[in-house]
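What follows is a single structure, written as structure tokens, with notes after it.
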Number of protein chains: 2
Amino acid sequence: MARKSASGRIGIADVAVKAGVSHATVSRVMNGNFTVDPDIAARVRAAAAELKYQPNPVGRSLALGKTDTIGIVVPDLANPTFQAILRGLSRAAAQDGYRVLIADSFEVSSEESILAGEARRRCDGLVLCAPRMTDAELEEIVPSLHPLVLINRTTAAPDVPSLVVDYGQGVQDIAGHLVQLGHTHLAFLAGPPHSASNDMRLKALETFKAAHPDVDVTMLEGGSDFDTGHEAVDAVLASGATGILAFNDLVAMGLMSGLHERGLDIPGDISVTGFDDIPFAKYTTPALTTGAVPITELGEQAWHQLRALIRKEGNETPGGRYQPRLEVRASTGPAKAPRSTVHG
Amino acid sequence: MARKSASGRIGIADVAVKAGVSHATVSRVMNGNFTVDPDIAARVRAAAAELKYQPNPVGRSLALGKTDTIGIVVPDLANPTFQAILRGLSRAAAQDGYRVLIADSFEVSSEESILAGEARRRCDGLVLCAPRMTDAELEEIVPSLHPLVLINRTTAAPDVPSLVVDYGQGVQDIAGHLVQLGHTHLAFLAGPPHSASNDMRLKALETFKAAHPDVDVTMLEGGSDFDTGHEAVDAVLASGATGILAFNDLVAMGLMSGLHERGLDIPGDISVTGFDDIPFAKYTTPALTTGAVPITELGEQAWHQLRALIRKEGNETPGGRYQPRLEVRASTGPAKAPRSTVHG
DNA sequence: ACCACGCGAGAAAGCGTTTTCTCAGTTCTC
DNA sequence: GAGAACTGAGAAAACGCTTTCTCGCGTGGT
């Protein structure tokens, strides 16, 4: 009977007809506007319930100028770090009635700015994780993305909070831990060449080297995933280092796996550390010593910062800096007598 | 100057004014409608470029009746299985210019149907993962969710493709593998009580028991995460079983971790298997024998099915059934002489 | 030279809401 | 008892776009 109007889905007009009132009144009732007669309101609600009317969010968004949706741009959804950020963000946002639209750039940083722009236009705000984007490009697009929260990047633009993890401090803490265990030859299995967080680590290790002239720190090329770590076994062994700082937990796990295949004992022969403290880190064998980052909390904070921006509240604490906590587990131990350079 | 109209953002009207044409013409140009004079088109494009005009997707969506967005409802974003589905879905959808909106129900199945409805209304289609929802509830909401693709659930409603993994077959394959290794006492560390995929496994194990009267299969209560497995150590040991089928890889990893803490050797003392073949499964120590599910591919397929529905194409292959592949790794081995029931 | 026809672009009508504006009907005040 | 203040609900505008409708103008045919 009084089913659908033209479009197929039932809309505010159908309810209005059924209740014998105008669109406007239905809208008022649905939005809890109390300037409407209780009897009429009841009639409208009854009609709405009977027709199972649900307001069309697109029409609503257009009229209200907001979507109740935020976007997040990540370089790789397969990376546990971004998964955790997404999770924290999504949960926190959901609590305030916001949804999350995801945009995975699949590591093609050239796409990132377009993706970010598109996502932003569909949403009320954006969280941007773009570790590989150049500074120039970042500065270029940032103004058009507001309200925006950056993860592990900073910008000169105003009103753009940055949530950054102090990878520099973290990596120095780990290096210090290894040195304390008697290691005098460390190796850093670096991350992706142009990653911002990798740069932070490299710089910090330079500082560390300067402060510890007695310890040797070899830099090795790497990446950010499992396979990188696995493939780096030869290079690591060739370096002769006994304490290895992997770029992150994934790389460390790959490396450990490779070392096991070579029959080496961790930490007996060689100590391995990761970074991030992804959920699996405590279940590896041996459990991984790492720099723990409260990454889910970071996603949550990202939402709080973004929410403040969206609501145009005075953002009392713009941005935030997270100190990694050294999490000592079983993958690090006292150094053996320094090995000479081993081959194969 | 000719910056913004009222709203703050620049819109189609601003471009129209700048190019000295009507809104309609700008729209035509932006949509590649060729019925417009090349000179004018060029002028419009120039104006658009100069103003950095980008069409407002909300207005567009309202006019076109589509959002170029799909939704996915998952019970737990922390679960690698759903992360993988999301990843596959997101990547496949992105290739066709669609974005993904996520709705995490955080295991509160009472919220799932509301969440699903909300998500659906904002999107052109929905992928629903709701393992715990009752059949009745599912049947109730399914009609209002079309276009819809179900993961690991089926429905009587028409035009609702289901992508289901044959957990039953998978679990029987694993059990068979263990029996072949000489295990005569197996234990199944079950998943969440009302999960659809858990029911499939339980039923299959009954079948298996009937076909193998000589092997003992103990059922143990469990869950779906790491901690569940870890906490189940005592129960597993008490059962006396030598071949353990964990609900999934996460549970298996937790269990292995617990067994290691007890000083037990895997697979020397006890064989452990998982399910899913999450990325980490091959890097555990020992590497985990599991039922491999091409889970990312499943996400991808979900998109293809959904796309067919959205485009109203005749869906040649509605739904699909995935056979897990037995992936034998190092966590399973020959049975020791049957242990008598051990305590603590 | 005139008419029909086609082409290109502006005017206007949607899309489904919210919200302002407006006005009829009451109630209150002096 | 008449005008003012108020209340509640409908009419209409707005949100930003796409698309149909319409119409002026130029072209080709006879």
Side-chain angles (χ1 to χ4, degrees), chain A residues 3-45 47-48 51-69 118 120-124, chain B residues 3-45 47-48 51-69 118 120-124:
Chain A
R3 267 286 104 122
K4 52 176 198 160
S5 65
S7 84
R9 279 189 58 81
I10 72 136
I12 205 173
D14 305 273
V15 180
V17 169
K18 177 142 197 137
V21 298
S22 70
H23 322 307
T25 300
V26 176
S27 172
R28 281 189 270 257
V29 172
M30 298 303 293
N31 293 294
N33 185 327
F34 288 112
T35 71
V36 59
D37 184 288
D39 290 351
I40 297 185
R43 218 166 69 221
V44 168
R45 261 188 283 274
L51 295 171
K52 293 195 204 307
Y53 167 68
Q54 302 282 149
N56 175 329
V58 179
R60 215 150 181 280
S61 289
L62 186 58
L64 293 173
K66 61 182 204 136
T67 60
D68 290 343
T69 300
E118 287 199 348
R120 174 60 188 82
R121 254 170 276 129
R122 296 186 133 70
C123 300
D124 298 344
Chain B
R3 267 287 103 125
K4 52 176 199 157
S5 65
S7 83
R9 280 188 57 80
I10 72 138
I12 204 173
D14 305 272
V15 180
V17 169
K18 178 140 193 139
V21 298
S22 68
H23 321 308
T25 300
V26 176
S27 173
R28 281 190 269 258
V29 172
M30 298 303 292
N31 292 296
N33 184 326
F34 288 113
T35 70
V36 58
D37 184 287
D39 290 351
I40 297 186
R43 218 165 69 220
V44 169
R45 260 188 282 275
L51 294 171
K52 295 196 201 310
Y53 167 68
Q54 303 282 149
N56 175 328
V58 179
R60 220 155 175 276
S61 290
L62 188 58
L64 293 172
K66 62 183 205 135
T67 61
D68 290 345
T69 300
E118 288 200 346
R120 174 60 188 82
R121 254 169 277 128
R122 291 178 191 283
C123 300
D124 297 346

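Numbers restart at 1 for each chain; the letters A, B, ... are given by sequence-line order, proteins then strands. No hydrogens, no waters, no symmetry mates; every other heavy atom, side chains included, goes into these values.
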Just the rounded figure in Å: distance from [atom2] of [N] to [atom1] of [X].
| X | N | atom1 | atom2 | value |
| --- | --- | --- | --- | --- |
| Ile12(A) | dC15(D) | CD1 | C1' | 15 Å |
| Arg122(A) | dG16(D) | CZ | P | 16 Å |
| Asp39(B) | dG8(C) | CG | P | 12 Å |
| Asp37(A) | dG10(D) | CG | C1' | 15 Å |
| His23(B) | dC21(D) | NE2 | P | 19 Å |

Side chain to side chain donor-acceptor pair (under 3.5 Å) with [X]: which residues, sequence neighbours excluded?
| X | answer |
| --- | --- |
| Ser61(A) | none |
| Arg60(A) | Asn31(A) |
| Asn56(B) | none |

Review point. In residues 25-35 of chain B, which residues come under 4.0 Å of DNA chain C by heavy atom?
Key: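 Only Thr25(B), Arg28(B), Thr35(B) qualify.
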
Which donor-acceptor pairs under 3.5 Å do the side chains of residues 33-41 of chain B make with protein atoms, sequence neighbours left out?
| from | atom 1 | to | atom 2 | distance (Å) |
| --- | --- | --- | --- | --- |
| Asn33(B) | OD1 | Thr35(B) | N | 2.9 |
| Asn33(B) | OD1 | Thr35(B) | OG1 | 3.0 |
| Asp37(B) | OD1 | Asp39(B) | N | 2.7 |
| Asp37(B) | OD1 | Ile40(B) | N | 3.4 |

Point to revise | Spacing of OG1 belonging to Thr25(A) relative to CD1 belonging to Ile12(A), to within rounding of 0.5 Å | key: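 If I round to the nearest 0.5 Å, the distance is 9.5 Å.
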
Selection from [options] that lies nearest to any side-chain heavy atom of [X]:
| X | options | result |
| --- | --- | --- |
| Pro55(A) | dA11(C), dT17(C), dC17(D) | dT17(C) |
| Val21(B) | dG10(C), dC17(D), dT17(C) | dG10(C) |
| Val36(A) | dC17(D), dA9(C), dA9(D) | dA9(D) |
| Ser22(A) | dA9(D), dG10(D), dG10(C) | dG10(D) |

**Study point:** Test item: Lys52(B) and Ile10(B) side chains (from C-beta on) under 4.5 Å apart, heavy atoms
**Key:**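 Answer no - side chains too far apart.
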
**Study point:** Check: Arg122(A) and Thr69(A) side chains under 4.5 Å, non-hydrogen atoms
**Key:**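 A side-chain contact under 4.5 Å is absent here.
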
**Study point:** Terminal axes of the helix from dA1(C)-dT30(D) to dC30(C)-dG1(D) (five pairs each): angle between them, nearest 10 degrees
**Key:**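 It works out to 60° between the end axes.
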
Practice item. Test Val26(A) against every option in Arg28(A), His23(A), Met30(A) by the side-chain contact (heavy atoms from CB on, under 4.5 Å) rule and name the one that passes. Key: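 Single side-chain contact (heavy atoms from CB on, under 4.5 Å) partner of Val26(A) among Arg28(A), His23(A), Met30(A): Met30(A).
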
Practice item. Using the test side-chain contact (heavy atoms from CB on, under 4.5 Å), find all partners of Arg120(B) that sit at least two apart in sequence or belong to another chain. Key: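 Partners of Arg120(B) under the side-chain contact (heavy atoms from CB on, under 4.5 Å) test: Leu126(B), Leu145(B), Pro147(B).
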
**Study point:** With sequence neighbours excluded, residues passing side-chain contact (heavy atoms from CB on, under 4.5 Å) with Ala63(A)
**Key:**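 Residues passing side-chain contact (heavy atoms from CB on, under 4.5 Å) with Ala63(A): none at all.
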
Practice item. Sequence neighbours left out, what passes salt bridge (charged side-chain N to carboxylate O under 4.0 Å, His left out) with Asp124(B)? Give chain and number order. Key: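 Salt bridge (charged side-chain N to carboxylate O under 4.0 Å, His left out) list for Asp124(B), sorted by chain: empty.
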
Practice item. May I ask you to evaluate whether Tyr53(A) reaches the phosphate of dT17(C), defined as a side-chain N or O under 4.0 Å from OP1 or OP2? Key: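 Affirmative; the distance criterion is met.
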
Review point. Which atom pair, heavy atoms only, marks the closest approach of Arg9(A) to Gln54(A)?
Key: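 Scanning both residues completely, I find the closest heavy atoms to be NH2-O, 4.2 Å.
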
Dump every N/O contact between nucleotides 4-7 of chain D and the protein below 3.5 Å, one line per pair.
none

Practice item. Between Pro38(B) and Val58(A), just flag the one whose closest nucleotide in DNA chain C comes earlier from the 5' side. Key: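 Final value for this comparison: Pro38(B).
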
**Study point:** Strand-adjacent residues in residues 59-68 of chain A, judged by heavy atoms under 4.0 Å from DNA chain D
**Key:**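 Residues of residues 59-68 of chain A under 4.0 Å from DNA chain D: Leu62(A), Ala63(A).
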
